[in-house]
K.L.:
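I have a structure here, written as structure tokens, and I will follow up with some questions on it.
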Amino acid sequence: QVQLVESGGGLVPPGGSLRLSCTVPGSGFTIHAMGWGRQALGKQRELVAIITSGGSTNVTDSVKGRFTISRDDAKNTVYLQMNSLKPEDTAVYYCYVDITTGPHFDSDYYYARDDLWGQGTQVTVSS
């Protein structure tokens, strides 16, 4: 079963920076889009940034100019560089991948395409 390994969260003061990383270990799959979502306490999860397999990126308006998403396909890794952090950026950040795995076998061979989320890493922006 494919798992996502996240790292890079922590406590930073306002105006600080953090870099999140998410790796998909192993082989035998195809990764399409990758991204990051976040969920603040008492709020719904929101998609913060996404990068396609072709390298096109999109970030939500609240982080434009401050957050940058990138990927290294040789390492099956997606990054989120977060600069000029604000207290309202405090949340659990989750890695996201759109992935095709297989072939699997269940009376016949097939490939499965799924959206997977990581377990999350806490980012706290506070003085």
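Just so we're clear, the structure is a prediction, and the values are computed from it rather than from any experiment.
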K.L.:
Quick one: sort the Tyr94 and Trp117 rings into parallel, tilted or perpendicular, breaks at 30° and 60°.
P.N.:
perpendicular
K.L.:
Could you walk me through whether Leu18 and Phe67 pass the side chain to side chain contact (heavy atoms under 4.5 Å, CB included) check?
P.N.:
CA-CA 10 Å; Leu18 279 176; Phe67 290 11; over 6 Å; no
K.L.:
Can you establish whether the number of heavy atoms outside Glu46 located under 6.0 Å from its atom CD is more than 12?
P.N.:
yes
K.L.:
Could you pull out the closest heavy-atom pair between Val12 and Ser17, with the gap in Å?
P.N.:
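Shortest heavy-atom separation between Val12 and Ser17 comes out as CG1-O, 3.8 Å.
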K.L.:
Hydrophobic clusters here meaning ILVMFWY residues chained together by side-chain heavy-atom distances under 4.5 Å, can you tell me if Val92 and Val63 are in one?
P.N.:
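Looking at the clustering, Val63 is in a separate group from Val92.
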K.L.:
The test is salt bridge (charged side-chain N to carboxylate O under 4.0 Å, His left out); show your working for Lys64 and Asp61 and say whether it passes.
P.N.:
CA-CA 5 Å; Lys64 276 183 180 176; Asp61 286 345; 3.1 Å; yes
K.L.:
Rounded to the nearest 0.5 Å, what separation is found between the CD atom of Gln119 and the CG atom of Leu4?
P.N.:
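Between Gln119 CD and Leu4 CG, I get 9.5 Å after rounding to 0.5 Å.
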K.L.:
Taking a hydrophobic cluster as the set of Ile, Leu, Val, Met, Phe, Trp and Tyr residues connected by side-chain heavy atoms closer than 4.5 Å, whether directly or through intermediates, do Val2 and Val97 fall within one such cluster?
P.N.:
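In one cluster with Val2: Val97, yes.
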K.L.:
Is Tyr93 linked to Ile69 within one hydrophobic cluster, defined over Ile, Leu, Val, Met, Phe, Trp and Tyr using a side-chain heavy-atom separation of less than 4.5 Å?
P.N.:
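The answer is yes; both residues are in one hydrophobic cluster.
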K.L.:
My understanding is that only residues two or more places apart in sequence, or in another chain, count here; which of them pass side-chain contact (heavy atoms from CB on, under 4.5 Å) with Ala40?
P.N.:
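Checked Ala40 against side-chain contact (heavy atoms from CB on, under 4.5 Å); matches are Lys43, Ala91.
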K.L.:
Nearest 0.5 Å please: distance from the OG atom of Ser127 over to the CG atom of Leu11.
P.N.:
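Reported to 0.5 Å precision, the distance equals 9.5 Å.
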K.L.:
Can you tell me how far CG of Leu41 sits from OG1 of Thr90, rounded to the nearest 0.5 angstrom?
P.N.:
10.5 Å
K.L.:
Checking side chain to side chain contact (heavy atoms under 4.5 Å, CB included) for the pair Arg71/Ile31: CA distance, chi angles, key distance, verdict?
P.N.:
CA-CA 11 Å; Arg71 63 191 284 170; Ile31 298 174; 3.8 Å; yes
K.L.:
Drop me the distance from Thr101's OG1 to Gln1's CD, to the nearest 0.5 angstrom.
P.N.:
9.5 Å
K.L.:
With rounding to the nearest 0.5 angstrom, report the CE to CZ distance, Met82 to Arg19.
P.N.:
11.5 Å
K.L.:
Search all heavy atoms of Gly26 against all heavy atoms of Asn76 and return the closest pair with its distance.
P.N.:
O-ND2, 3.6 Å
K.L.:
What are the two closest heavy atoms between Leu47 and Trp36, and how far apart are they?
P.N.:
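In terms of heavy atoms, the two residues are closest at CD1-O, 3.4 Å.
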K.L.:
Check whether Leu80 and Ile51 end up in the same hydrophobic cluster, where Ile, Leu, Val, Met, Phe, Trp and Tyr are linked by side-chain heavy atoms less than 4.5 Å apart.
P.N.:
yes
K.L.:
Decide if atom OH of Tyr109 counts as having more than 12 heavy atoms of other residues, nucleotides or ligands within a radius under 6.0 Å.
P.N.:
no
K.L.:
Taking the side chain as every heavy atom from C-beta outward, state whether Leu20 and Glu6 have any atom pair closer than 4.5 Å.
P.N.:
no
K.L.:
Might you point out which heavy atoms bring Ser62 and Arg38 nearest each other, and give the distance in Å?
P.N.:
OG-NH2, 3.4 Å
K.L.:
Kindly indicate, with the supporting measurements, whether the criterion side chain to side chain contact (heavy atoms under 4.5 Å, CB included) is fulfilled by Arg113 and Asp98.
P.N.:
CA-CA 7 Å; Arg113 185 161 179 171; Asp98 173 6; 2.7 Å; yes
K.L.:
For residues Val78 and Val24: do they belong to one hydrophobic cluster (side chain heavy atoms under 4.5 Å, members Ile, Leu, Val, Met, Phe, Trp, Tyr)?
P.N.:
yes
K.L.:
Using 0.5 Å steps for rounding, measure from the CD1 atom of Ile99 to the OH atom of Tyr111.
P.N.:
13.5 Å
K.L.:
Would you kindly say whether Thr23 and Thr77 are connected by a side-chain donor-acceptor distance under 3.5 Å?
P.N.:
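Distance-only check passes for Thr23 and Thr77.
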K.L.:
Taking atom CD of Gln44 as the centre, does the number of heavy atoms from other residues, nucleotides or ligands within less than 6.0 Å exceed 12?
P.N.:
no
K.L.:
With side chain to side chain contact (heavy atoms under 4.5 Å, CB included) as the criterion, how do Thr121 and Ser7 come out once you've worked through the C-alpha distance, each side chain's angles and the decisive distance to 0.1 Å?
P.N.:
CA-CA 7 Å; Thr121 184; Ser7 63; over 6 Å; no
